[in-house]
Amino acid sequence: MEFLQPAFVFLTAAVLAVPIAKRLGLGSVLGYLIAGVIIGPVLGIVGAESEDIKHFAEFGVVMMLFLVGLELQPSMLWRMRAQLVGLGGMQVAVTALLLAGGGMALGVGWRISLATGIILSLSSTAIVLQTLNEKGLMKTPGGKSSFSVLLCQDIAVIPMIALLPLLAVADATGTDDGHGAHHSLLEGLPGYLQALIIVGVIAAIIVGGHYLLRPAFRFIASSRLREIFTAAALLLVIAIALAMNLVGLSPALGTFLAGVVLSSSEYRHELESDIDPFKGLLLGLFFITVGAGIDFNLLFGKPAIIFGLTFGVMAVKFIILAVLGKMFKLSGGDYWLFALGLAQAGEFGFVLLGFARTSAVMPAEPAALLSLVVALSMLLTPALFILHEKVIAPRMAGTGDREADVIDETGSIVIAGIGRFGQIINRILTTNGFKSVVLDHDSDLIEMIRKVGYKTYYGDATRPDLLHAAGIGEAKLFIAALDDRERQTQVVHHVAREYPDCRIIARAFDRHHVYELQNAGAHEVVRELFESSLDAGRRALVSLGMHPYHAERKAQAFRKHDFKTLAALKAAWDEAGADHKYLDQTRDHARELERVMSVEAEQHHDTTSRGWTPPPKGDALV
Amino acid sequence: MTQRKILVLFAHPQFSRSVANARIAREARDLDGVTFIDLYAAYPRFEIDVDLEQERLKAHDLILFQHPLYWYSTPSIMKEWQDLVLEYGFAYGADGHALDGKYFLNAITTGGAEQAFTRRGYQHFHIRELLTPLEQTATLCRMHYLPPYVLYAAGHAVEENRLEPHAEGYRRLLIALRDNRLNIEAAMKVKTLNGHLDELIEGAY
Ligand SMILES: Cc1cc2nc3c(=O)[nH]c(=O)nc-3n(C[C@H](O)[C@H](O)[C@H](O)COP(=O)(O)O)c2cc1C
């Protein structure tokens with residue numbers, strides 16, 4: 001049980017520091033770093049052992065890339081290609097080269113300079129995306145451009161991990177870097193065979209991911225055991241990492257590919273929400289160890305150099321972003337958001353730094369120094385966002401008439417449940433050009449609906465994390481169409497409470513369920529069988545000889561009366577459920593309905609079934 | 001005298017494709033003292049709430065039908081509305097006095113040009129002749145029928161720069177009617193209100 005003590009220390013630090021950091025608007029990454037600083041340099045509770053933990057925690061990066069891959073449908077990548085390659089690619093390349101040039105001008109060797117440039121060219125995906133989301137800026141041109149650059153950087157990490165060792169001074173030896181490039185099974189083999197096997201493994205991931213994993217996941221899902229699905233997801237990531245290690249490739253690349261392959265599968269959101277907590281914890285742990293490793297003696301020893309470097313790096317990044325922003329026609333507040341928001345170095349910088357250290361590209365001292373620069377630049381980021389929000393954006397705000405809101409085309413609707421009820425809703429929405437994300441926990445049903453060509457995802461829609469992964473946070477509309485009464489109420493309750501801006505339309509089983517759903521926060525409630533039963537009743541009247549239009553009017557009068565009753569009885573039901581007072585009122589309304597429907601009513605100008613009544617014969621005017 | 005309360009009943013079955021009426025309606029939508037009801041939006045299934053509509057009529061002093069001319073009449077929901085809401089005993093008949101003394105007005109757009117609505121034009125009748133069913137409906141309900149406010153050849157109004165002035169005129173007309181600044185006596189003498197706003201509205205601005 002010796003792991004209990006360090007686990008206690010790390011978790012306590014995280015649990016205390018992260019929520020406070022978030023409250024202060026610093027974001028979780030900085031929270032972890034601060035937690036690490038506190039238990040490391042400040043209190044001295046953890047020491048050298050945190051280096052071992054760090055290597056273990058680096059696996060979080062492999063998971064993160066699996067998740068990045070899952071987010072990237074090939075079609076989306078294709079749509080974003082201009083921004084990704086142009087804007088993102090230029091940002092990475094130009095920043096890396098300019099910073100490397102700066103390093104050399106300061107008299108650093110070209111290898112270390114180039115490695116430094118590469119490492120510092122990255123920005124903080126975690127901080128920036130989180131901030132943009134929190135401030136609701138993701139859909140603005142500035143937010144979208146920032147996202148493209150971050151995405152490009154995340155992908156660029158893979159070749160960077162592959163290329164960094166090539167910068168090693170001597171041929172790399174000895175140290176295990178957790179990425180395993182040196183235990184390759186292929187070592188003794190001739191070059192062409194090595195190449196063949198590598199291509200084979202990658203092909204196996206792509207083909208296997210496409211044709212084998214989905215049936216396998218379907219089989220596992222049909223067992224309806226949540227933890228087994230989670231286990232399978234973890235197994236997948238670990239197995240791929242192992243396979244990549246065996247052939248001497250980056251595990252991050254392998255899991256990233258597997259993620260992309262699975263991104264268009266129905267298990268995408270489920271996998272995402274299963275792996276996400278592990279990734280979050282491991283990355284958190286990783287950042288804590290980075291914080292714990294921060295060398296304060298260095299900071300206080302050479303403050304001028306370190307702060308000078310930090311501001312210098314951020315200035316260079318800012319200028320490059322500003323130029324690119326102009327080239328890609330960003331303007332006003334968007335332009336500043338883009339240039340200021342991405343000017344920091346990022347968490348992947350820590351990963352690459354650790355990697356550069358272990359593959360003997362970078363000696364310990366500059367690595368420690370750069371760690372400080374990265375951390376400081378991240379610490380300054382919230383201040384830059386505040387500068388943008390409070391000073392720049394208000395001045396840039398354009399005038400002009402505001403048009404009515406148009407529902408965004410992507411994923412603005414989440415549908416829970418794709419049974420007979422949800423299917424119709426989904427079809428009418430998608431055929432009208434709206435994009436929906438559909439969740440259901442019946443894997444056979446999903447398989448069938450996918451064959452028809454609709455995007456559907458496996459998962460229990462009552463789970464908050466899954467709803468979140470499906471994009472409920474940005475959704476304008478939530479359709480609750482589950483076939484389970486209690487869970488239906490539960491999910492409506494959750495969405496109404498957590499996402500008050502999202503409109504909710506819910507399927508009800510019966511009248512009492514209507515009240516339950518209304519009280520849970522649904523904006524509109526539709527009884528699943530009411531309209532169809534009413535229609536059958538109308539047809540029955542026609543079959544018995546009633547004129548079709550007359551029957552239609554009868555059905556309309558019935559509907560109107562029924563809705564009126566439904567609304568009128570809610571107060572009594574809310575008070576005491578189906579007690580005798582409620583039942584009395586129900587009986588009254590039933591009698592009223594009889595009167596409304598009766599034949600005499602029509603002849604006596606009754607208020608509910610009148611219409612097209614000619615003037616009486618005796619009236620002088622007519 | 002106090003202000004008049006105006007009820008604009010608006011009908012266009014394809015609002016998203018409307019050019020003329022959509023633009024003109026914008027002027028009435030949030031004008032103080034004007035209640036704007038889009039009938040197709042209120043009753044997408046044509047299930048008109050007769051009681052509600054009658055209450056609305058009672059609460060206003062001037063009833064305005066705004067619509068495109070469809071087969072020399074209103075779009076169908078407005079006809080349904082008339083058939084159901086203008087009941088015997090409410091709007092007409094010995095005991096039907098709910099609408100007595102109110103004003104009634106059409107604001108319409110047409111496909112045909114002004115010169116087509118003449119004896120020798122292809123529409124053969126003047127617009128006032130074609131609107132006589134509505135005029136007589138108002139009269140039977142003991143309302144005062146005001147001359148219509150017409151945008152002819154609505155399909156060419158944008159390129160001929162007629163839509164904007166017409167919409168602005170609509171706003172002026174509504175405000176003048178609301179504030180009692182339209183010379184009703186003189187207005188009753190013209191064939192259509194369009195083209196006469198300057199002389200009919202008192203207290204120029
Ligand atoms: C079903 C229908 C019937 C029409 N009948 C007439 C008509 O009788 N006389 C006429 O001048 N225009 C007629 N039109 C043309 C419309 O009046 C014209 O398209 C409309 O005023 C344009 O206004 P909007 O841009 O708001 O749709 C008719 C159009 C439709 C669709």
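Residue numbers start from 1 in every chain, and the chains themselves are labelled A, B, ... in the order their sequence lines are given, proteins ahead of strands. A quick note: this is a predicted structure, and the numbers were derived from the prediction, not measured.
- B/Tyr92 is listed as a side-chain neighbour of A/Pro615, based on a closest heavy-atom distance under 4.5 Å.
- For chain A, the nearby part of B/Glu80 is the side chain; its heavy atoms alone come within less than 4.5 Å.
- In this structure, B/Glu159 places its CD atom where more than 12 heavy-atom neighbours from other residues, nucleotides or ligands lie under 6.0 Å away.
- Within 6.0 Å of CG in B/Asp32 there are 12 or fewer heavy atoms belonging to other residues, nucleotides or ligands.
- Heavy atoms of other residues, nucleotides or ligands lying less than 6.0 angstrom from CG of A/Leu544 number more than 12.
- Other residues, nucleotides and ligands contribute only 12 or fewer heavy atoms inside 6.0 Å of the CH2 atom of B/Trp71.
- Taking OG1 of A/Thr613 as the start and CG of B/Leu84 as the end, the distance is 9.0 Å to the nearest 0.5 Å.
- The CZ atom of A/Arg559 lies 5.0 Å from the CD atom of B/Glu47; values are rounded to the nearest 0.5 Å.
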